[in-house]
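Below, read A as the first sequence line, B as the second, and so on, with proteins coming before strands; counting in each chain starts at 1. Keep in mind that this is a model prediction, so the values were computed, not measured.
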Amino acid sequence: MTAENDTFRQRVFQIVAAIPRGQVTTYGDIAQMAGSSRAARQVGGVLKRLPQGSRLPWHRVINRKGELSLQGEDFQRQRQALLAEDIEVDAQGRIDLNRFRWRG
DNA sequence: ACACTGACCTCAA
DNA sequence: GTTGAGGCCAGTG
């Protein structure tokens with residue numbers, strides 16, 4: 001966590017913070033916006049290790065298939081957070097990207 | 001510097 | 001519709 005290595009993480013923070021309420025985007029898209037188009041996994045890594053108490057809307061980030069990538073209780077929490085902003089998520093965690101995807 | 005991990009993605013079958 | 005293999009590359013220890 002040196003000064004230089006913070007750039008990717010910082011960009012991810014900034015991009016995720018910019019996702020409007022009621023919309024979602026994908027790990028891959030964030031990676032691309034952050035300037036490293038093939039670092040989709042890293043976006044997940046960054047969000048996984050968010051400091052507790054962060055107000056970043058991490059729940060608005062899903063995978064390319066339009067599904068939540070989390071499991072268990074985390075899955076439930078993300079689903080509730082999305083439903084709370086009127087995003088339609090079925091029991092399988094699927095979302096219609098054509099309707100809720102954020103276009104920057 | 002090295003080895004390993006993984007909230008991903010693409011493509012092939 | 002599914003599954004699996006292979007690649008990707010920023011974190012982590």
Do any N or O atoms from the side chain of [X] and from the backbone of [Y] form a donor-acceptor pair under 3.5 angstrom?
X       : Y       : answer
A/Arg60 : A/Ile19 : yes
A/Gln32 : A/Ser37 : no
A/Glu85 : A/Pro20 : no

Distance, rounded to the nearest Å, where [X] contributes [atom1] and [N] contributes [atom2]:
X       : N      : atom1 : atom2 : value
A/Arg9  : B/dG6  : CZ    : P     : 18 Å
A/Gln32 : C/dC9  : CD    : P     : 13 Å
A/Arg38 : C/dC9  : CZ    : P     : 6 Å
A/Tyr27 : B/dC9  : OH    : P     : 8 Å
A/Lys65 : B/dC11 : NZ    : P     : 15 Å
A/Gln92 : C/dG1  : CD    : P     : 12 Å
A/Gln42 : C/dA10 : CD    : C1'   : 4 Å
A/Leu47 : C/dA10 : CG    : P     : 16 Å

| Test item: A/Thr25 and A/Ile62 side chains (from C-beta on) under 4.5 Å apart, heavy atoms | no
| query | If you look at every strand shown and take non-hydrogen atoms under 4.0 Å, does A/Gly45 touch a base, only sugar-phosphate, or nothing? | reply | nothing
With a 4.0 Å limit, can you tell me whether [X] has a side-chain N or O closer than that to the phosphate oxygens OP1/OP2 of [N]?
X       : N      : value
A/Ser36 : C/dC9  : no
A/Arg49 : C/dT12 : yes
A/Arg41 : B/dC4  : no

| message | What's the closest nucleotide to the side chain of A/Ser69 if the choices are B/dA7, B/dC9, C/dG11? | response | B/dA7
| task | Select one nucleotide: of B/dC9, C/dG11, B/dG6, the one nearest the side-chain heavy atoms of A/Arg64. | result | B/dC9
| Pairwise 5' ranking along DNA chain C for A/Val46 and A/Arg94, keeping only the more 5' one | A/Arg94
| remark: Interatomic distance, CZ@A/Arg64 vs OG1@A/Thr26, rounded to 0.5 Å, equals 4.5 Å
